[in-house]
Amino acid sequence: MACDKKWLPLESNPEVMNKFLSNVGVPDDFTMIDVVDLDDEHLENLPKKVKAVLFLFPTGEQHEEFCQSEQETIDAEGQVVSDRVYFMKLDANNASGTVSLIHAIANADEELELGPTSTLKEFLDRTADMSSEERGQELEMDENLCCVHEELAKEGQTEAPEADEEIKLHFITFVTVDEQLYELDARKNYPINHGSTSVDTLMKDSVSVCKKFMERDPENVNFSIMALVAGASAETEEEEVEE
């Protein structure tokens, strides 16, 4: 199957995301679900085994100014980043959905075991010792992952825009590694350490950071949050969220 290596935006839709995960060899009991209520009580009722949190948000001048200030602070003061964090740098237009899913799977704990024939396992094994920039370059050259992305980007509920069209929405991922909360944004130079967390508080701690993004752009409503959860089928998880 040939693809043109131009990225179409991946829709913020658990059904599309779960098809992507299945197609690259992620076990069926690891699924994406929508997080539609950010109140603490609701978050506590979500599945406990949250492996990663994906956040879709609008970019723009306010966000770019904040990122510049954040980078200057970190460059001056430094931060601790575990060597166990798998991070990829890639600034390709519309690729952030697939990169965020890869970040989610790559940084999940050992409970998420990819099979020997998994397309994603082959990619992660091949890029394990590469730099973040080299990993991004490798993804752009990976025919299999590129084609899975393109196929599913066309399956969303909304009509896919042209690959060259600038979409001012961007996915990032939150994961816990060595009990630290990391923001993984492929457009940034490195992971961002947001402090202590745990597997039990990953969802709540990630939402706290997401709310800061929302506060910086209070007039915008184009935000969405999804979680990668373990231990149930997609159908079961959807039923639990609806309840």
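Residue numbers run from 1 in the order of the sequence given.
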Closest approach of Ala52 to Val175 (non-hydrogen atoms, all atoms of both residues):
CB-CG1, 4.0 Å

Minimal heavy-atom distance between Lys121 and Gly115, with the atoms involved, is CD-O, 3.2 Å

Report the C-alpha separation of Leu21 and Leu228 in whole Å, then their side-chain angles, then the decisive distance to 0.1 Å, and conclude whether the side-chain contact (heavy atoms from CB on, under 4.5 Å) test is met.
CA-CA 10 Å; Leu21 296 180; Leu228 174 68; 4.0 Å; yes

Lys188, NZ: over 12 other non-hydrogen atoms inside 6.0 angstrom
yes

Distance check, rounded to the nearest 0.5 Å: Cys146 atom SG versus Met141 atom CE?
12.0 Å

Roughly how far apart are Asn18 CG and Leu152 CG, rounded to 0.5 Å?
10.5 Å

Measuring from atom CD of Glu11 to atom OG of Ser224, what distance do you get when rounded to the nearest 0.5 angstrom?
9.5 Å

For Gln79, does the CD atom have more than 12 heavy-atom neighbours from other residues, nucleotides or ligands under 6.0 Å away?
yes

Close side-chain approach of Leu114 and Leu124, heavy atoms under 4.5 Å
yes

Is any side-chain heavy atom of His194 less than 4.5 Å from a side-chain heavy atom of Asp205?
no

Heavy-atom check, side chain of Ser196 versus side chain of Gln180, under 4.5 Å:
yes

Any chain of hydrophobic side-chain contacts (each under 4.5 Å) joining Leu181 to Leu184?
no

Check: Thr98/His149 side-chain N/O donor and acceptor closer than 3.5 Å:
yes

Reported CZ-to-CD1 distance for the pair Phe55 and Ile172, which is rounded to 0.5 angstrom
6.5 Å

Do Leu120 and Met88 sit in the same hydrophobic cluster, where Ile, Leu, Val, Met, Phe, Trp and Tyr count as joined when their side-chain heavy atoms come under 4.5 Å apart?
yes

Just checking Phe213 against Phe223, ring centres under 6.0 Å apart?
no

Between the side chains of Ser82 and Asp178, does any donor sit under 3.5 Å from an acceptor?
yes

Are Leu101 and Tyr86 connected, step by step, through hydrophobic side chains (Ile, Leu, Val, Met, Phe, Trp, Tyr) whose heavy atoms are closer than 4.5 Å?
yes

Under the salt bridge (charged side-chain N to carboxylate O under 4.0 Å, His left out) test, residues paired with Lys211 that sit two or more places apart
none

Can you name the nearest heavy-atom pair linking Phe171 to Gly97, along with the distance?
CD1-CA, 3.4 Å

At what distance, to the nearest 0.5 angstrom, does CG of Leu139 lie from CZ of Phe123?
4.5 Å

Shortest non-hydrogen contact from Asn193 toward Val80:
ND2-O, 2.8 Å

Find out whether Lys168 and Asn220 are in side-chain contact, i.e. whether some heavy atom of one side chain is under 4.5 Å from a heavy atom of the other.
no

Just by modelled atom types, is the His63 backbone N or O under 3.5 Å from a matching donor or acceptor in the Arg216 side chain?
no

At what distance, to the nearest 0.5 angstrom, does CG of Asp37 lie from CG of Leu46?
9.0 Å

Begin from the C-alpha positions of Glu134 and Thr127 and carry the test side-chain contact (heavy atoms from CB on, under 4.5 Å) through to its verdict.
CA-CA 8 Å; Glu134 289 170 336; Thr127 60; over 6 Å; no

side-chain contact (heavy atoms from CB on, under 4.5 Å) between Val35 and Met203: does it pass, once the steps are laid out?
CA-CA 10 Å; Val35 180; Met203 185 76 250; 4.0 Å; yes

Under 3.5 Å, is there a donor-acceptor pair between the Glu72 and Gln68 side chains?
yes

Which atom pair, heavy atoms only, marks the closest approach of Gly136 to Leu90?
O-CD1, 3.8 Å

Are Val148 and Thr119 side-chain neighbours, meaning at least one heavy-atom pair lies under 4.5 Å?
no

Atom CD of residue position Glu111 - does it have more than 12 heavy atoms of other residues, nucleotides or ligands inside 6.0 Å?
yes

For the backbone of Asn107 and the side chain of Arg84, can you confirm whether one donor and one acceptor N or O come within less than 3.5 Å of each other?
no

Using a 4.5 Å cut-off on heavy atoms from C-beta on, say whether the side chain of Leu169 contacts that of Thr59.
no

Side-chain heavy-atom pair Asn144, Glu122 within 4.5 angstrom cut-off:
no

Mind checking whether Val85 and Leu202 sit in one hydrophobic cluster, side chains of I, L, V, M, F, W, Y counted as touching below 4.5 Å?
no

Do Thr176 and Ser198 make a side-chain contact, defined as non-hydrogen atoms from C-beta onward lying under 4.5 Å apart?
no

Would Cys210 and Phe57 count as a side-chain contact (heavy atoms from CB on, under 4.5 Å) here? Give the steps.
CA-CA 9 Å; Cys210 293; Phe57 64 94; over 6 Å; no

Tell me the closest heavy-atom pair linking Leu145 and Asp142, and the distance in Å.
N-OD1, 2.9 Å

Report whether Val99 and Phe30 are members of the same hydrophobic cluster (ILVMFWY, side-chain heavy atoms less than 4.5 Å apart, transitive linking).
yes

